[in-house]
Amino acid sequence: MRILFLGRGVISTQYAWAFEKAGHTVEFYVRKGRKETFGSHIELEMWDARRGKQLIQESWNVKLHEEISPNYDLIIVSVNTEQLPKAAQLLSTVAGNTPVLIFNNIWLDLKSSISPLSMNNVVFGFPGAGGGIADNRLRGGFLKILFLEKPRAGTEHINNKVKELFESAHFKINWIKDMQNWLWNHFAMNAAMETEVLKVGSFPAILNHRDSFANVGKNMREIVPVLKARGAKIDMISLLLTKTPPALLGTLFNKVILAKGSIPRLIIEYNNSKPNFAVLEVVREAKKLGIPLPRLTKALENIEQQ
């Protein structure tokens, strides 16, 4: 397949590398001026968990474009959540009938998040990867598993194309029946985590604070009423965060989920992104609904004061 990724970010770069190794043609669309800034290669230091745990270290040549042609089999969008509306607007004018995978965190309802793109030409998924980029060097990692919505009426051919692509690169798909609900719960979990990141200053720093992950559960308990007010069902991950006693939750994260040397832990260690967007969005929604979020609001106020 010939695949276009929007942006040369952490997620796009790692999956593009894996697809190219599987025999596909991968290219990137970047904003005007970025082609010269990024250059023709990127230094990779990333962990690949598809067949055990392998460290990839190489200087990878990439093909960047500042214009989009219609000659692709699939376009994959994985951008910062706040950039998704502009990305959808752009694709509505240049993508034609090329199918699109939105591989993104989303807090809006799905239809609004991609307007004016047609839902019939889009499927939604979520990566099992992360990390950070600095000075043209990517440090990160990706798991074997990723998440993809089950076909909606009319999207079966796109789902099959996406399935074929990922499976050709030896990824395993976890099919999600209600992607809207799954993404809302995941976004809420991100906000609960980012609240702690705001307190300590960075994603890597939370790994050195014993109470951070215990507090994630407390933050999530505040957010659950917002999810319910939106009509979301509380999924298993959200239940785990809210029902597990904080001290036990902290131990579970530090010793099991984010055990030393694990790829999920390394992904957090490498994450150098700005952490406040998910918190801001959830707090804004809560204010509209009249739901107090004292823990999240205090974290934002502390940042504003600093």
So, taking the atom named [atom1] in [X] and the one named [atom2] in [Y], what distance separates them when rounded to the nearest 0.5 Å?
{"X": "Leu108", "Y": "Trp184", "atom1": "CG", "atom2": "CH2", "value": "9.5 Å"}
{"X": "Glu82", "Y": "Leu280", "atom1": "CD", "atom2": "CG", "value": "10.0 Å"}
{"X": "Ile267", "Y": "Leu143", "atom1": "CD1", "atom2": "CG", "value": "5.5 Å"}
{"X": "Asn181", "Y": "Ile234", "atom1": "CG", "atom2": "CD1", "value": "7.5 Å"}
{"X": "Gln83", "Y": "Thr81", "atom1": "CD", "atom2": "OG1", "value": "9.0 Å"}
{"X": "Leu44", "Y": "Leu138", "atom1": "CG", "atom2": "CG", "value": "6.0 Å"}

Less than 4.5 Å apart, side chain to side chain, heavy atoms only: is that true for [X] and [Y]?
{"X": "Lys287", "Y": "Glu285", "result": "no"}
{"X": "Ile237", "Y": "His186", "result": "no"}
{"X": "Ile68", "Y": "Leu90", "result": "yes"}
{"X": "Leu74", "Y": "Thr98", "result": "no"}
{"X": "Asn174", "Y": "Ile176", "result": "yes"}
{"X": "Arg295", "Y": "Lys218", "result": "yes"}
{"X": "Lys163", "Y": "Asn159", "result": "no"}

**Asked** Counting only heavy atoms not in Glu36, do more than 12 sit closer than 6.0 Å to its CD atom?
**Response** no

**Item:** Over 12 foreign heavy atoms within 6.0 Å of CG, Asn61
**Value:** yes

With no hydrogens and no angle check, do the side chains of [X] and [Y] hold a donor and an acceptor under 3.5 Å apart?
{"X": "Ser212", "Y": "Asn215", "answer": "no"}
{"X": "Glu149", "Y": "Trp182", "answer": "no"}
{"X": "Asn219", "Y": "Glu196", "answer": "yes"}
{"X": "Tyr29", "Y": "Glu67", "answer": "no"}
{"X": "Arg2", "Y": "His24", "answer": "no"}
{"X": "Ser238", "Y": "Asp235", "answer": "yes"}
{"X": "Trp60", "Y": "Glu20", "answer": "yes"}
{"X": "Arg265", "Y": "Asn254", "answer": "no"}

Determine whether [X] and [Y] fall in the same hydrophobic cluster, where Ile, Leu, Val, Met, Phe, Trp and Tyr are linked whenever their side-chain heavy atoms lie under 4.5 Å apart.
{"X": "Val216", "Y": "Leu239", "answer": "yes"}
{"X": "Val30", "Y": "Ile133", "answer": "yes"}
{"X": "Val26", "Y": "Phe166", "answer": "yes"}
{"X": "Ile106", "Y": "Phe187", "answer": "no"}
{"X": "Phe277", "Y": "Leu183", "answer": "no"}

**Item:** Step-by-step side chain to side chain contact (heavy atoms under 4.5 Å, CB included) determination, Phe253 to Leu241
**Value:** CA-CA 10 Å; Phe253 266 98; Leu241 292 174; 3.7 Å; yes

**Item:** Trace of the side chain to side chain contact (heavy atoms under 4.5 Å, CB included) decision for Phe19 with Ile76
**Value:** CA-CA 12 Å; Phe19 294 152; Ile76 299 179; 3.9 Å; yes

Any sub-3.5 Å donor-acceptor pair from [X]'s side-chain atoms to [Y]'s backbone N or O?
{"X": "Asp48", "Y": "Leu55", "value": "no"}
{"X": "Thr155", "Y": "Pro151", "value": "no"}
{"X": "Arg152", "Y": "Met119", "value": "yes"}
{"X": "Gln14", "Y": "Ala129", "value": "no"}
{"X": "Ser168", "Y": "Leu165", "value": "yes"}
{"X": "Ser115", "Y": "Lys111", "value": "no"}
{"X": "Asn185", "Y": "Lys233", "value": "yes"}
{"X": "Gln180", "Y": "Asp178", "value": "no"}

**Item:** Working for side chain to side chain contact (heavy atoms under 4.5 Å, CB included), residues Leu266 and Lys53
**Value:** CA-CA 12 Å; Leu266 290 168; Lys53 182 183 174 185; 4.1 Å; yes

Salt-bridged, [X] to [Y], with N to O below 4.0 Å?
{"X": "Arg31", "Y": "Glu66", "answer": "no"}
{"X": "Arg137", "Y": "Glu45", "answer": "yes"}
{"X": "Lys161", "Y": "Glu164", "answer": "no"}

Could you check whether [X] makes a cation-pi contact with [Y], meaning its NZ or CZ is under 6.0 Å from the centre of the six-membered ring and within 45° of the ring axis?
{"X": "Arg8", "Y": "Phe28", "answer": "no"}
{"X": "Arg139", "Y": "Trp47", "answer": "no"}
{"X": "Arg50", "Y": "Phe171", "answer": "yes"}

Between [X] and [Y], what is the shortest heavy-atom contact and its length?
{"X": "Ile3", "Y": "Tyr72", "answer": "C-CD2, 3.8 Å"}
{"X": "Leu91", "Y": "Leu6", "answer": "CD2-CD1, 4.0 Å"}
{"X": "Leu249", "Y": "Phe213", "answer": "CD2-O, 3.5 Å"}
{"X": "Gln89", "Y": "Pro116", "answer": "OE1-CD, 3.5 Å"}
{"X": "Ala16", "Y": "Phe5", "answer": "CB-CE1, 3.4 Å"}
{"X": "Ala214", "Y": "Pro246", "answer": "CB-O, 3.1 Å"}

**Item:** Mutual orientation of the aromatic rings belonging to Phe126 and Phe147 [parallel < 30°, tilted 30-60°, perpendicular > 60°]
**Value:** tilted

**Message:** Using 30° and 60° as the class boundaries, would you call the ring planes of Phe103 and Tyr15 parallel, tilted or perpendicular?
**Reply:** perpendicular

**Asked** Can Ser118 and Asn121 be said to form a side-chain hydrogen bond (donor to acceptor under 3.5 Å, both in side chains), step by step?
**Response** CA-CA 6 Å; Ser118 168; Asn121 208 42; over 6 Å; no

**Request:** Take Phe203 and Glu194 through the side chain to side chain contact (heavy atoms under 4.5 Å, CB included) test and state the conclusion after the steps.
**Result:** CA-CA 8 Å; Phe203 281 94; Glu194 287 183 12; 4.1 Å; yes

**Request:** List the steps and the verdict of salt bridge (Lys or Arg N to Asp or Glu O under 4.0 Å) for Arg284 and Glu281.
**Result:** CA-CA 5 Å; Arg284 284 181 187 136; Glu281 289 296 287; 2.5 Å; yes

**Prompt:** Of Leu110, Leu148, Leu101, which is the lone residue that meets side-chain contact (heavy atoms from CB on, under 4.5 Å) with Phe124?
**Reply:** Leu110

